[in-house]
Student: 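One structure, pasted below without further comment.
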Amino acid sequence: MNKFLEINKKVKQALENNKPVIALESTIISHGMPYPENIRVAKNLEKIAEDAGVIPATICLMNGKIKIGLNDDELEILAVSKDVAKVSRRDFSRILASKKIGATTVAATMIAANLAGIKVFATGGIGGVHRGAKDSFDISADLQEFAQTPVIVVSAGAKAILDLPKTLEMLETFGVPVYGFQTELFPAFYSAESNLHIDRIDSEKEIADIYKTNIKLGLKNGILVANPIPKKYEIPFSEMDEHIKKALERAKIYNVTGRELTPFLLAEIVKITKGSSLETNIRLVENNVALACRIAKKF
Ligand code: PSU
Ligand code: MN
């Protein structure tokens, strides 16, 4: 076992006894949602998993360790502290070596989950190719991670603030399978569908079977399961697009780039929609956790 790993008792026991476990990320807590909703969501996601008979493992970096499975105090620190680094692949060792607190993005959570032997991970939406990337070159490290780390990630597609066609193209280039769960249209985070076609899969078992085949073949890539938000909670794409454009303009005015951009856009959209995007964001993550639990049980 990797010497940096600190797996809590419940998760360790579950892994040793082949009981289902899912990973959860912490950037969504520290940088993706405002306080106090973030802590409420973090705890509720764990409860959804527990109620489904699955052990949740929220992941972060703390005291020079990769923590797999957090207690209430640790979740609280991530939710409240202003001093939490956003950790993607490139930041991983810096934050460990300096013993700072780091919230893990999709990329970093995949690395940690894979080290711990956790196969399924639920999040909101993955990072991807930003709009305007042909000038800014801003492409999330999440995409590269999928090319090299064998974890199943359940997500409501990619965040609608992104360039979705280019995000799918990039995933294809990296050899990353994207499966629509009971849909052939790529979900657009706040909206249940975009007009982009992906391969459809109808059962949790098929996803587990594909993962197992992939591993037997010696392939190292992850798998993206795109799970649409239930229609009754969605904000239609046409409506959302207006808000996103406004948020993007503000990012330009304030010259927000790099790792600050995604958290800035999410927070602006919450302001512009007077909180309704946050409500939608919460619903879709809950929905993803529920599906991740059902997939984890197929192993
Ligand atoms: N999805 C959300 N909220 C978030 C994120 C995703 O609903 O905060 C985070 C994830 O941790 C994802 C990260 O990995 O945003 C992508 O950031 P960037 O574009 O800087 O790579
Ligand atoms: Mn970026």
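Atoms considered below: every heavy atom in the structure, side chains included; atoms not considered: hydrogens, waters and symmetry mates. When a ligand or atom number is given, it counts from 1 through the structure's own listing order.
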Student: Tell me, yes or no, whether the heavy-atom count around Lys65 atom NZ, taken from other residues, nucleotides or ligands under 6.0 Å, exceeds 12.
Tutor: yes
Student: Suppose we measure from atom 19 (O) of ligand 1 to each protein heavy atom; which comes out shortest, and what is that distance?
Tutor: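 For atom 19 (O) of ligand 1, the nearest protein heavy atom is Thr262 OG1, 2.8 Å.
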Student: Does the distance from a Lys or Arg side-chain N to an Asp or Glu carboxylate O, for Arg283 and Glu279, drop under 4.0 Å?
Tutor: yes
Student: Are the side chain of Thr27 and the backbone of Lys86 linked by a donor-acceptor contact shorter than 3.5 Å?
Tutor: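 Pair absent, no side-chain N/O of Thr27 close to backbone of Lys86.
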Student: Relative to ligand 1, is Val106 under 4.0 angstrom through side chain, backbone, both or neither, heavy atoms considered?
Tutor: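 Looking at Val106 and ligand 1, atoms from backbone and side chain both fall under 4.0 Å.
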Student: Looking only at N, O or S atoms, which one in Asp138 sits nearest to the Mn ion (ligand 2)?
Tutor: OD1
Student: With a 4.5 Å heavy-atom cut-off, do Leu224 and Phe146 have their side chains touching?
Tutor: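 Leu224 vs Phe146: side chains touch.
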Student: Nearest protein heavy atom to atom 21 (O) of ligand 1, by residue and atom, and its distance?
Tutor: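 Result for atom 21 (O) of ligand 1: Ser140 OG, 2.6 Å.
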Student: Does a donor on one side chain and an acceptor on the other come within less than 3.5 Å for Asn44 and Glu286?
Tutor: yes
Student: Would you mind checking which non-hydrogen protein atom is closest to atom 9 (C) of ligand 1, with the distance to 0.1 Å?
Tutor: Lys159 NZ, 3.6 Å
Student: So which heavy atom in the protein is nearest atom 7 (O) of ligand 1, and how far is it from that ligand atom?
Tutor: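 Atom 7 (O) of ligand 1 sits closest to the protein heavy atom Phe189 CZ, 3.1 Å.
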Student: Phe121 pairs by side-chain contact (heavy atoms from CB on, under 4.5 Å) with which of Val154, Ile152, Val106?
Tutor: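 When Val154, Ile152, Val106 are each tested with Phe121, the side-chain contact (heavy atoms from CB on, under 4.5 Å) holds only for Val106.
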Student: Are any of the N/O atoms in Lys86 less than 3.5 Å from those in ligand 1?
Tutor: yes
Student: Of the options Ile223, Val225, Ile207, which is the one that meets Ile201 in a side-chain contact (heavy atoms from CB on, under 4.5 Å)?
Tutor: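 Considering Ile223, Val225, Ile207, a side-chain contact (heavy atoms from CB on, under 4.5 Å) with Ile201 is found only for Ile207.
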Student: Checking the side chain of Ser203 only, and the main-chain atoms of Glu206 only, is there a donor and an acceptor separated by less than 3.5 Å?
Tutor: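 Indeed, once roles are kept as given, a pair shorter than 3.5 Å links the two residues.
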Student: Looking only at protein heavy atoms, which one is nearest to atom 8 (O) of ligand 1, and what is the separation?
Tutor: Gly32 CA, 3.2 Å
Student: Starting from atom 6 (C) of ligand 1, what is the nearest protein heavy atom, named by residue and atom, and what distance separates them?
Tutor: Gly125 O, 2.9 Å
Student: Show me which atoms of ligand 1 lie under 4.0 Å from any heavy atom of Thr105.
Tutor: 11 (O), 14 (O)
Student: Under 3.5 Å between any N/O of Glu25 and any N/O of ligand 1: does that happen in this structure?
Tutor: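 Yes, there is a polar N/O contact under 3.5 Å.
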Student: In this structure, which one of Ile244, Ile269, Leu266 forms a side-chain contact (heavy atoms from CB on, under 4.5 Å) with Ser277?
Tutor: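 The single option meeting the side-chain contact (heavy atoms from CB on, under 4.5 Å) with Ser277 is Ile269.
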Student: Which residue supplies the protein heavy atom nearest to atom 3 (N) of ligand 1, what is that atom called, and how far is it?
Tutor: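 For atom 3 (N) of ligand 1, the nearest protein heavy atom comes out as Leu266 CD1, 3.5 Å.
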Student: At under 4.0 Å between heavy atoms, which part of Asn281 makes contact with ligand 1: side chain, backbone, both or neither?
Tutor: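 Looking at Asn281 and ligand 1, just side chain atoms fall under 4.0 Å.
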Student: Does Lys119 count as lying over the ring of Phe299, i.e. NZ or CZ under 6.0 Å from the six-ring centre, within 45 degrees of the axis?
Tutor: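 Output yes; distance and angle both within limits.
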Student: Is the shortest distance from a heavy atom of Met33 to ligand 1 less than 4.0 Å?
Tutor: no
Student: Where does Asp142 meet ligand 1, judged by heavy-atom distances below 4.0 Å: at the side chain, the backbone, both, or neither?
Tutor: side chain
Student: Compute whether any side-chain donor of one residue and acceptor of the other, for Ser191 and Glu234, lie under 3.5 angstrom apart.
Tutor: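 Result is no, nothing qualifies.
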Student: Distance under 4.0 Å to a non-hydrogen atom of His130: what atoms of ligand 1 satisfy this?
Tutor: 19 (O)
Student: Using a heavy-atom cut-off of under 4.0 Å, does the side chain or the backbone of Thr109 touch ligand 1, or both, or neither?
Tutor: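 For Thr109, there is no contact with ligand 1 at all, from either part.
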Student: Kindly confirm or rule out an N or O of Gly127 lying under 3.5 angstrom from an N or O of ligand 1.
Tutor: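 For ligand 1, there is no N or O atom that lies under 3.5 Å from one belonging to Gly127.
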